[in-house]
> 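What follows is a structure written as structure tokens; I'll ask about it next.
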Amino acid sequence: MKSAGNKSERLNQLELLLLSHPEGLRRAEIARRLGVHRATAGRYIDELSARIPLWEQDFRVGIKSSQSTRLGHIGLLEGLSFYLGLRYFAENSIYRFPEGAAAIRKLSSFVKTFSPALGKQLDTASDCLDAENKKVNPAYWEQLERIGEAWLSSRPVQVDFFNGQKTLSVNCLIRDIRMNSEVPGILVGISLLNDGTESERELDLSGIISVEYSVK
């Protein structure tokens, strides 16, 4: 039987998962991402709905948006910080990322209400991230999504990666995700889990083959 602490952790993971997918997710997909049976995922959804308002339509479940979740006023310096970070990400992404570009355009449409010039620059960053001269590799972004979920939920995962010579498998915690400052790409910092000891290392996201939640 799962402990109350583990149950609370899973509810937090579910909330984070739904916040990351405003378009909603199917119950089967929620169960897969949480690593639980579909019936268990259904109970978590029912319990989470008692905490926060959820919607369910066309077999998808999501969190209802509200005025309180919308961005408030952003000052010039804050806006520039967003732009610089997104521009760096767009220029150093080795693969085309249409979904990320669409997210930047959404931010741009909001920013244009108080700074049309800054919104235009965000559009430039969006175009850079969605440039046709970038290679296409959807699996790259799928792995990043899985890694991001594990990182934000602090759940242990099994990562299979290619080290340049052979494929290796490690059980670890994701401790950091950052852009590579030396060559274009993303670095994933991990802490190995071996007999209670931890050893830190960094992996290039392009070398990661799969990410699966570790069985407890």
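These numbers come from the heavy atoms of this one structure, side chains and all, not from hydrogens, waters or symmetry mates. Residue numbers run from 1 in the order of the sequence given.
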> Output all residues satisfying side-chain hydrogen bond (donor to acceptor under 3.5 Å, both in side chains) with Ser206, sequence neighbours left out; order by chain, then residue number.
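For Ser206, the residues satisfying side-chain hydrogen bond (donor to acceptor under 3.5 Å, both in side chains) (neighbours in sequence not counted) are Asp204.
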
> Please check: side-chain N/O of Ser93 versus main-chain N/O of Phe89, any donor-acceptor pairing under 3.5 Å?
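A pair under 3.5 Å: yes.
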
> Name all residues meeting the side-chain hydrogen bond (donor to acceptor under 3.5 Å, both in side chains) criterion together with Ser210; count only those two or more places apart in sequence or in a different chain, and write none if there are none.
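If we apply the side-chain hydrogen bond (donor to acceptor under 3.5 Å, both in side chains) test to Ser210, skipping adjacent residues, the hits are Asp160.
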
> Any link between Val211 and Ile209 through a network of hydrophobic side chains (Ile, Leu, Val, Met, Phe, Trp, Tyr) touching at under 4.5 Å?
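No; Ile209 is not reachable from Val211 via cluster members.
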
> Hey, what do you get for CZ (Arg175) to OG (Ser154), rounding to the nearest 0.5 Å?
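Those atoms lie 13.5 Å apart.
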
> Between CD1 of Ile104 and CG of Leu86, what distance do you get to the nearest 0.5 Å?
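One finds 4.5 Å between CD1 of Ile104 and CG of Leu86.
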
> What residues form a side-chain contact (heavy atoms from CB on, under 4.5 Å) with Arg32, not counting sequence neighbours?
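Here the qualifying residues are Glu29, Arg146.
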
> Could you note down all residue pairs passing ring pair (Phe, Tyr, Trp, His ring centres under 6.0 Å) where residues 143-189 supplies at least one of them, sequence neighbours left out?
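Found none.
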
> Test of understanding: with side-chain hydrogen bond (donor to acceptor under 3.5 Å, both in side chains), list the residues that count as partners of Arg27, not counting sequence neighbours.
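side-chain hydrogen bond (donor to acceptor under 3.5 Å, both in side chains) list for Arg27, sorted by chain: Glu56.
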
> Please list, chain by chain and in numerical order, all residues satisfying side-chain contact (heavy atoms from CB on, under 4.5 Å) with Ile52, sequence neighbours excluded.
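In terms of side-chain contact (heavy atoms from CB on, under 4.5 Å), with neighbours along the sequence ignored, Ile52 is linked to Glu15, Leu48, Leu54, Ile63.
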
> I want to check something: taking the side chain as every heavy atom from C-beta on, are Val136 and Pro138 in contact at a cut-off of under 4.5 Å?
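Yes. Closest side-chain heavy atoms under 4.5 Å.
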
> Within this structure, what is the CG-CD distance for the pair Leu192 and Glu200, rounded to the nearest 0.5 Å?
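CD of Glu200 is found 9.0 Å from CG of Leu192.
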
> Okay, side chain of Lys134, backbone of Leu129: is any donor-acceptor separation there less than 3.5 Å?
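Here the side-chain-to-backbone pair does not exist.
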
> So do Val61 and Leu25 actually touch side chain to side chain, heavy atoms under 4.5 Å?
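SC-SC contact between Leu25 and Val61 ruled out.
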
> Do Leu18 and Ile30 have side chains that approach each other closer than 4.5 Å (heavy atoms only, starting at C-beta)?
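They are in contact (side-chain heavy atoms under 4.5 Å apart), so the answer is yes.
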
> In this structure, would Leu187 and Val170 fall into the same cluster of hydrophobic residues linked by side-chain contacts under 4.5 Å?
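No; tracing contacts between hydrophobic side chains, which count when under 4.5 Å, never links both residues.
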
> Could you pull out every donor-acceptor pair under 3.5 Å between side chains of residues 94-102 and any protein atom, sequence neighbours left out?
| unit_1 | atom_1 | unit_2 | atom_2 | d |
| --- | --- | --- | --- | --- |
| Arg96 | NE | Asp130 | O | 3.1 |
| Arg96 | NE | Asp130 | OD1 | 2.8 |

> Quick one: do Gln158 and Tyr213 satisfy side chain to side chain contact (heavy atoms under 4.5 Å, CB included)? Show the steps, please.
CA-CA 6 Å; Gln158 177 181 302; Tyr213 289 120; over 6 Å; no

> Provide the full list of salt bridge (charged side-chain N to carboxylate O under 4.0 Å, His left out) pairs with a residue in residues 39-49, sequence neighbours left out, each pair given once.
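Output for this query lists Lys7-Glu47.
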
> Nearest 0.5 angstrom please: Asp58 CG to Arg26 CZ, how far?
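Here the rounded value is 8.0 Å.
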
> What side-chain hydrogen bond (donor to acceptor under 3.5 Å, both in side chains) pairs are there with at least one residue in residues 116-127, not counting sequence neighbours?
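Every side-chain hydrogen bond (donor to acceptor under 3.5 Å, both in side chains) pair that includes a residue of residues 116-127, provided the two are not neighbours, is Arg105-Ser126, Ser108-Asp123, Lys112-Asp123.
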
> Please check if the side chain of Arg33 supplies one atom and the backbone of Leu14 the other of a donor-acceptor pair under 3.5 Å.
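No.
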
> Sequence neighbours left out, what passes side-chain contact (heavy atoms from CB on, under 4.5 Å) with Leu205? Give chain and number order.
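side-chain contact (heavy atoms from CB on, under 4.5 Å) list for Leu205, sorted by chain: Tyr140, Gln143, Leu144, Ile147, Ile186, Val188, Ile208.
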
> If hydrophobic residues (ILVMFWY) are linked whenever their side-chain heavy atoms come closer than 4.5 Å, directly or via other members, who joins Trp55 in its cluster?
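The other cluster members (ILVMFWY side chains, heavy atoms under 4.5 Å, direct or chained): none.
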
> Quick check for you: to the nearest 0.5 Å, what is the distance between Ile45 atom CD1 and Arg38 atom CZ?
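With rounding to 0.5 Å, CD1 (Ile45) is 9.0 Å from CZ (Arg38).
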
> Under the salt bridge (charged side-chain N to carboxylate O under 4.0 Å, His left out) rule, what pairs show up with a residue in residues 177-191, not counting sequence neighbours?
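Sorted result for residues 177-191: Arg178-Glu202.
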
> For the pair Val157 and Cys172, evaluate side chain to side chain contact (heavy atoms under 4.5 Å, CB included) and give the outcome as yes or no after the intermediate values.
CA-CA 6 Å; Val157 289; Cys172 62; 4.1 Å; yes

> To the nearest 0.5 angstrom, please state how far the CG atom of Leu34 sits from the CZ atom of Arg155.
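Reported value, rounded in 0.5 Å steps: 6.5 Å.
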
